[in-house]
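Working notes for the structure below.
All chains are named by letter (A, B, ...) in the order of the sequence lines, taking the proteins before the strands, and each is independently numbered beginning at 1.
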Amino acid sequence: MKFIKFLIVGIFFGIILVKSEAVSWYRIFEMFKFQSFHMYGIIGSAVGLGILSIYLIKKTGVKSIEGKDIKIPSKNKSFKNYLFGGILFGFGWALAGACPGPMYILLGTGVFSMLIVIASATLGTFVYGLLRDKLPH
Amino acid sequence: MEYILNPWPWYVSGPLITLIMVILILFGKNFGMSSNLRTLCTIGGGDKYADFFKINWKSYSWNLVVALGAILGGFIATQYLSNGAPIDLSVETIKDLNTLGFSNAGKNLLPPEIYSWDAILSLKGMSILIIAGFLVGFGARYAGGCTSGHAISGLSNLQMPSLIAVIGFFIGGLVMTHFIIPLIF
């Protein structure tokens with residue numbers, strides 16, 4: 001069962017995000033109001049330690065568990081899609097109070113109305129796929 | 001046990017999120033939750049409508065398993081690892097929310113004013129969830145990633161595109177929170 005390890009990672013991810021309250025609409029609102037350090041502490045410490053971790057992974061040349069070289073794909077060098085897409089995402093993130101990870105997690109906490117958000121997020125992704133060639137990137 | 005049942009402070013949660021990212025990298029994968037939405041579109045037949053969905057979804061199925069685990073994790077955390085402590089929001093946040101008509105801020109993870117069936121079964125309530133979800137799905141793919149892919153993984157890998165995307169997330173989030181939410185509620 002090669003999938004078991006991913007299931008366990010997902011379970012940990014869900015537990016961490018609930019216990020950190022990062023899945024809470026209120027915490028996102030508070031963050032965008034700059035009224036608490038909590039979310040900035042979470043993201044800041046995750047990124048700070050993440051920079052160190054990826055630096056060490058690259059420097060030591062550690063292999064993946066399948067024995068392959070670790071490749072972290074770099075993103076395309078463009079500008080407009082990141083900014084415009086980011087802004088639209090930000091609107092949705094602040095209104096729903098949930099980004100894609102928390103959407104799944106909140107469903108698990110028993111908020112079944114989240115299925116509406118997940119369905120419309122899937123629709124949004126689909127519409128992006130249809131319009132992709134017409135949008136500035 | 002008390003430490004587990006209480007909400008976890010940021011300096012525990014943040015490093016644990018890094019650990020999730022590192023484990024996925026060591027598994028030869030990358031941390032990014034919104035790409036699952038693209039995979040779902042492909043499974044649903046989206047490849048017949050746009051080349052963007054012509055991907056071999058099986059090579060992304062590991063990530064759907066992570067999402068499935070996340071659902072289970074959400075269940076486990078609320079059922080067995082929580083003591084129902086309210087969210088310790090700042091006094092100003094609670095006051096601001098009260099002004100907007102949100103009562104009992106922080107009692108649950110989500111405001112019943114948006115997520116309860118009473119709220120949803122109105123044109124306004126249903127529109128809010130549909131529009132918010134649509135923007136998250138459309139914006140994440142347009143930007144090439146969401147909070148996990150850009151704000152955590154991308155910034156950790158010092159990628160300029162991710163910094164631009166995260167600045168975009170904040171422009172959108174700030175405008176929504178400071179100007180649009182007060183108009184809606």
Using heavy-atom distances under 4.5 Å, tell me whether B:Ser61 contacts chain A through its side chain, its backbone, both, or neither. both
What part of B:Leu163 gets within 4.5 angstrom of chain A, counting heavy atoms only: side chain, backbone, both, or neither? neither
Checking heavy atoms, do the side chain of A:Met39, its backbone, both or neither come under 4.5 Å from chain B? neither
Considering only heavy atoms, which portion of A:Ile42 lies under 4.5 Å from any heavy atom of chain B: side chain, backbone, both, or neither? both
Pick from B:Ile167, B:Ile184, B:Leu81, B:Val22 with the largest number of heavy-atom pairs that fall under 4.5 Å of chain A: B:Leu81
What's the shortest heavy-atom distance between B:Ala151 and B:Val166, and which atoms? CA-CG2, 3.6 Å
Under 4.5 Å heavy-atom distance to chain B, tell me which part of A:Phe37 shows up: side chain, backbone, both or neither. side chain
Pick whichever of B:Leu19, B:Asn36, B:Asp51, B:Val12 has the most heavy-atom pairs under 4.5 Å with chain A. B:Asn36
For A:Phe34 and B:His178, take the angle between the two ring planes, folded into 0 to 90°, and tell me which bin it lands in: parallel under 30, tilted 30 to 60, perpendicular over 60. tilted
Of the listed B:Ile76, B:Ile87, B:Ile131, the one with the largest count of heavy-atom pairs under 4.5 Å with chain A is B:Ile87
Proximal component of A:Leu131, with respect to chain B [non-hydrogen, under 4.5 Å]: side chain
What part of B:Ile120 gets closer than 4.5 Å to chain A, counting heavy atoms only: side chain, backbone, both or neither? side chain
Under 3.5 Å: donor-acceptor pair, side chain of B:Glu113, backbone of B:Ser103: yes
Inspect the contact between A:Lys33 and A:Glu30 and indicate whether a charged nitrogen and a carboxylate oxygen are less than 4.0 angstrom apart. no
Pick one of side chain, backbone, both or neither for B:Glu92, based on which atoms fall under 4.5 Å of a heavy atom in chain A. both
Most heavy-atom pairs under 4.5 Å with chain A, out of B:Leu97, B:Ile171, B:Asn63, B:Ile181, belong to B:Leu97
Output all residues satisfying ring pair (Phe, Tyr, Trp, His ring centres under 6.0 Å) with A:Tyr104, sequence neighbours left out; order by chain, then residue number. none
Chain B contacts, top residue of A:Ser64, A:Ala46, A:Gly97 (heavy-atom pairs, under 4.5 Å): A:Ala46
Could you check whether the rings of B:Phe134 and B:Phe138 sit parallel, tilted or perpendicular, using 30° and 60° as the cut-offs? parallel
Sequence neighbours left out, cut at 3.5 Å: what donor-acceptor pairs do the side chains of residues 25-34 of chain B make with other protein atoms?
unit_1: B:Ser34; atom_1: OG; unit_2: B:Arg141; atom_2: NH1; d: 3.0

If every non-hydrogen atom of A:Ser45 is compared with every non-hydrogen atom of B:Trp10, which pair is closest and at what distance? OG-O, 3.8 Å
Is there a donor-acceptor contact under 3.5 Å from the side chain of A:Ser113 to the main chain of B:Tyr115? yes
Could you tell me which portion of B:Leu110 (side chain, backbone, both or neither) has an atom closer than 4.5 angstrom to a non-hydrogen atom of chain A? both
Below 4.5 Å from any heavy atom of chain B, which atoms of A:Ile70 appear? Answer side chain, backbone, both or neither. side chain
Largest heavy-atom contact set with chain A, pairs under 4.5 Å, which of B:Ser156, B:Ala105, B:Gly168: B:Ser156
Are the aromatic ring centres of A:Phe79 and A:His137 under 6.0 angstrom apart? no
I'd like to check B:Asn157 versus A:Lys58 (side-chain heavy atoms, cut-off strictly below 4.5 Å). Are they in contact? yes
Quick one: does B:Trp8's side chain get under 4.5 Å of B:Tyr3's, heavy atoms only? no
Tell me, out of B:Gly144, B:Gly106, B:Gly44, who's got the most heavy-atom pairs with chain A below 4.5 Å. B:Gly106
Counting only heavy atoms closer than 4.5 Å, note whether A:Pro73 contacts chain B via side chain, backbone, both or neither. both
What part of B:Leu121 gets within 4.5 angstrom of chain A, counting heavy atoms only: side chain, backbone, both, or neither? neither
Hey, can you tell me if B:Tyr49 and A:Phe126 have their rings parallel, tilted or perpendicular (30° and 60° cut-offs)? perpendicular
Would the number of heavy atoms belonging to other residues, nucleotides or ligands and lying under 6.0 Å from CG of B:Asp88 be above 12? no
Of the listed A:Ile87, A:Ile28, A:Val47, the one with the largest count of heavy-atom pairs under 4.5 Å with chain B is A:Ile87
Does any heavy atom of chain A fall under 4.5 Å from the side chain of B:Leu64, the backbone, both, or neither of them? neither
Contacting region of A:Asn76 [heavy-atom separation from chain B under 4.5 Å]: backbone
Side chain, backbone, both or neither: which part of A:Phe112 has a non-hydrogen atom closer than 4.5 Å to chain B? both
Which atoms of B:Ile23 approach chain A - backbone, side chain, both or neither, heavy atom under 4.5 Å: side chain
Name the member of A:Gly41, A:Gly14, A:Gly124 that forms the most heavy-atom pairs with chain B at distances under 4.5 Å. A:Gly124
Determine the option with the most heavy-atom pairs under 4.5 angstrom with chain B, choosing from A:Leu106, A:Ile8, A:Ile57, A:Val23. A:Leu106
Per-residue tally against chain B (heavy atom, under 4.5 Å) across A:Arg27, A:Lys80, A:Glu66 peaks at A:Arg27
Centroid-to-centroid, A:Phe32 to B:Phe170, below 6.0 Å? yes
Could you tell me if B:Glu2 and B:Asn83 have a donor-acceptor pair between their side chains, going purely by distance under 3.5 Å? no
Between A:His38, A:Lys5, A:Lys68, A:Lys63, which has the largest tally of heavy atom pairs under 4.5 Å with chain B? A:Lys5
